[in-house]
Amino acid sequence: MSVRRPLQAVLVKPAGPDCNMACSYCFYLKKAELFTDHQRHRMREDVLEELIKQVMHDGTRQVTFGWQGGEPTLMGIPFFQKAVEFQQQYGRGQIVGNGLQTNGMLIGRKWAAFLDKYKFLVGLSLDGPKHVHDHYRHQTPTKGSWQNVADAAKLLLDRGVATNALTVVTDYSVQHAEEIYTYLRDLGLTYMQFIPCVELDPNDPSKTAPWSVGAEEYGEFLKTVFDLWYHDFQHSRKNTTVRFFDSVFHSYVGAEPPDCNLQPECGSYTVVEYNGDVFSCDFFVDPEWKLGNIMQDRLIEMLNSPRQREFGRMKADLPPECTDCKWLKYCYGGCTKDRRHDPADHGSNHFCTSMKMFFEHADERLTELANRWKLQQRMAMR
């Protein structure tokens, strides 16, 4: 019998796919086609209350709400103030974490003060210096957004808000690994998450979109960033945290990585859309993977439903090339969304080559760091 999954985290899309930007590579704007009842998508207060009531009632000792989009700040500060009030009202002494992923366009002093007061963790979408960021991230088709986002980063950091950089790696930005890493580090965004972009071409679904990053190019990107990160670590500079390296390191010391991409199965959280519809994953907000609606169904039951179990097991259905790969225990086939759909590819991951290049390059040093960490743990226990 499978172990019942605990309700620890939920990803919420309070404004659905609505956004105040026009990024070339965005995959979520088209999700508006699923919600045709309204042109403007906003979560009602009763849906918000039911969501938080369920999470606080059925959740674990520590629960996390991830507020994402589209662009969640379109909801305004009063919505999130109400969310915090509901968390306090329905809480049972839990530790509550709130994470806000934002493009930064609406972040001003009032937002910074609110996020600081309630200790929100902010993920700020910033692809790098101006020429990199503005290549695909536009306010309008002809106007970039870098200055606004860079100003938001400085405002949040000066206020003391915990802020991570969410950086999409595209066919263009992959050429500027050192420049991007150095820019983010020197700006003060020492917590970085690099997100490789691969999407189907909207004009020809048999091909990848032109902004998608190639596997070998992304492998070289990871190698370069790892060398920069390791150099900073070894020379006692202000330490940076790169989410992928941190997650991989968990595996090297025998712990479960926090990144679901690197786990044997996925499906440990669900996505709640603005109208209460629940889906298996934010990359699979499709009718096929709709689990129910929180206004009629229990979130904890949807998380443990046969359909969600089936979704999670898809990741464990590995292509032949994975079964005898020496890096399998660190990668587990990568994210399901990156599996190729052409039957001739046998479901291999678009970034398989990237992962092999990275592990071949970094394994010796990761093993050394892991051994050093284990020794420190043993010494501390004496």
Side-chain angles (χ1 to χ4, degrees), residues 7-21 26-59 63-92 94 96-103 105-108 110-111 114-115 117-118 120-123 269-303 305 307-308:
L7 180 54
Q8 297 175 309
V10 61
L11 186 60
V12 190
K13 306 271 191 176
D18 294 358
C19 190
N20 53 348
M21 284 181 60
C26 182
F27 75 96
Y28 212 78
L29 284 175
K30 63 183 179 182
K31 297 300 179 182
E33 299 169 1
L34 298 175
F35 310 109
T36 55
D37 291 347
H38 307 91
Q39 287 188 333
R40 185 174 180 268
H41 308 96
R42 300 290 185 271
M43 181 174 280
R44 301 193 315 262
E45 186 173 310
D46 62 326
V47 177
L48 174 67
E49 182 175 11
E50 181 61 27
L51 164 64
I52 293 178
K53 181 171 26 173
Q54 287 195 30
V55 173
M56 303 311 292
H57 182 270
D58 296 326
V63 293
T64 302
F65 294 83
W67 306 95
Q68 203 181 75
E71 176 49 42
T73 60
L74 291 173
M75 299 301 297
I77 294 175
F79 173 87
F80 288 96
Q81 180 68 57
K82 181 60 70 173
V84 171
E85 291 172 7
F86 284 142
Q87 290 169 353
Q88 295 169 338
Q89 177 182 344
Y90 294 109
R92 298 176 292 108
Q94 290 121 310
V96 180
N98 285 291
L100 179 77
Q101 182 172 330
T102 177
N103 60 32
M105 298 299 293
L106 297 179
I107 297 297
K110 290 183 179 180
W111 266 109
F114 172 83
L115 296 168
K117 179 179 180 180
Y118 293 106
F120 274 58
L121 172 64
V122 174
Y269 74 95
T270 55
V271 175
V272 181
E273 264 288 352
Y274 80 100
N275 61 356
D277 285 349
V278 179
F279 296 87
S280 294
C281 170
D282 61 322
F283 291 114
F284 291 85
V285 175
D286 299 300
E288 180 183 4
W289 296 109
K290 180 181 173 181
L291 304 175
N293 186 289
I294 59 169
M295 303 306 285
Q296 293 87 39
D297 309 295
R298 299 297 299 178
L299 195 58
I300 185 69
E301 299 305 327
M302 288 183 274
L303 177 65
S305 65
R307 190 61 174 156
Q308 183 68 349

Which atom pair, heavy atoms only, marks the closest approach of [X] to [Y]?
X      : Y      : result
Leu74  : Ala15  : CB-CB, 4.4 Å
Val271 : Cys281 : CG2-C, 3.4 Å
Pro14  : Met75  : O-SD, 3.3 Å

Short question: side chain of [X], backbone of [Y] - any donor-acceptor pair under 3.5 Å?
X      : Y      : value
Asp286 : Glu288 : no
Lys290 : Phe279 : no
Asn293 : Asn275 : yes
Gln87  : Met56  : no
Glu71  : Met21  : no
Glu49  : Arg44  : no
Gln94  : Val63  : no

Gln89/Ile52 under side chain to side chain contact (heavy atoms under 4.5 Å, CB included): CA gap, chis, key distance, verdict: CA-CA 10 Å; Gln89 177 182 344; Ile52 293 178; over 6 Å; no
State the [atom1]-[atom2] distance between [X] and [Y], to the nearest 0.5 angstrom.
X      : Y      : atom1 : atom2 : result
Ile294 : Lys53  : CD1   : NZ    : 10.5 Å
Gln308 : Trp289 : CD    : CH2   : 8.5 Å
Trp67  : Leu11  : CH2   : CG    : 10.0 Å
Met43  : Lys13  : CE    : NZ    : 11.5 Å
Tyr118 : Asn98  : OH    : CG    : 11.0 Å
Leu299 : Asp58  : CG    : CG    : 8.0 Å

With the side chain counted from C-beta on, respond yes when [X] and [Y] share a heavy-atom pair under 4.5 Å apart, and no when they do not.
X      : Y      : answer
Val278 : Asp297 : no
Met105 : Thr73  : no
Trp111 : Phe80  : yes

Measure up the Phe114 and Phe120 rings against each other and bin them: parallel (under 30°), tilted (30 to 60°), perpendicular (over 60°). tilted
Could you walk me through whether Glu50 and Val47 pass side chain to side chain contact (heavy atoms under 4.5 Å, CB included), step by step? CA-CA 5 Å; Glu50 181 61 27; Val47 177; 5.9 Å; no
Take Val10 and Gln54 through the test side chain to side chain contact (heavy atoms under 4.5 Å, CB included) and record every step on the way to the result. CA-CA 11 Å; Val10 61; Gln54 287 195 30; over 6 Å; no
Go through Asp46 and Met295 one step at a time and tell me if the side chain to side chain contact (heavy atoms under 4.5 Å, CB included) criterion holds. CA-CA 9 Å; Asp46 62 326; Met295 303 306 285; 3.7 Å; yes
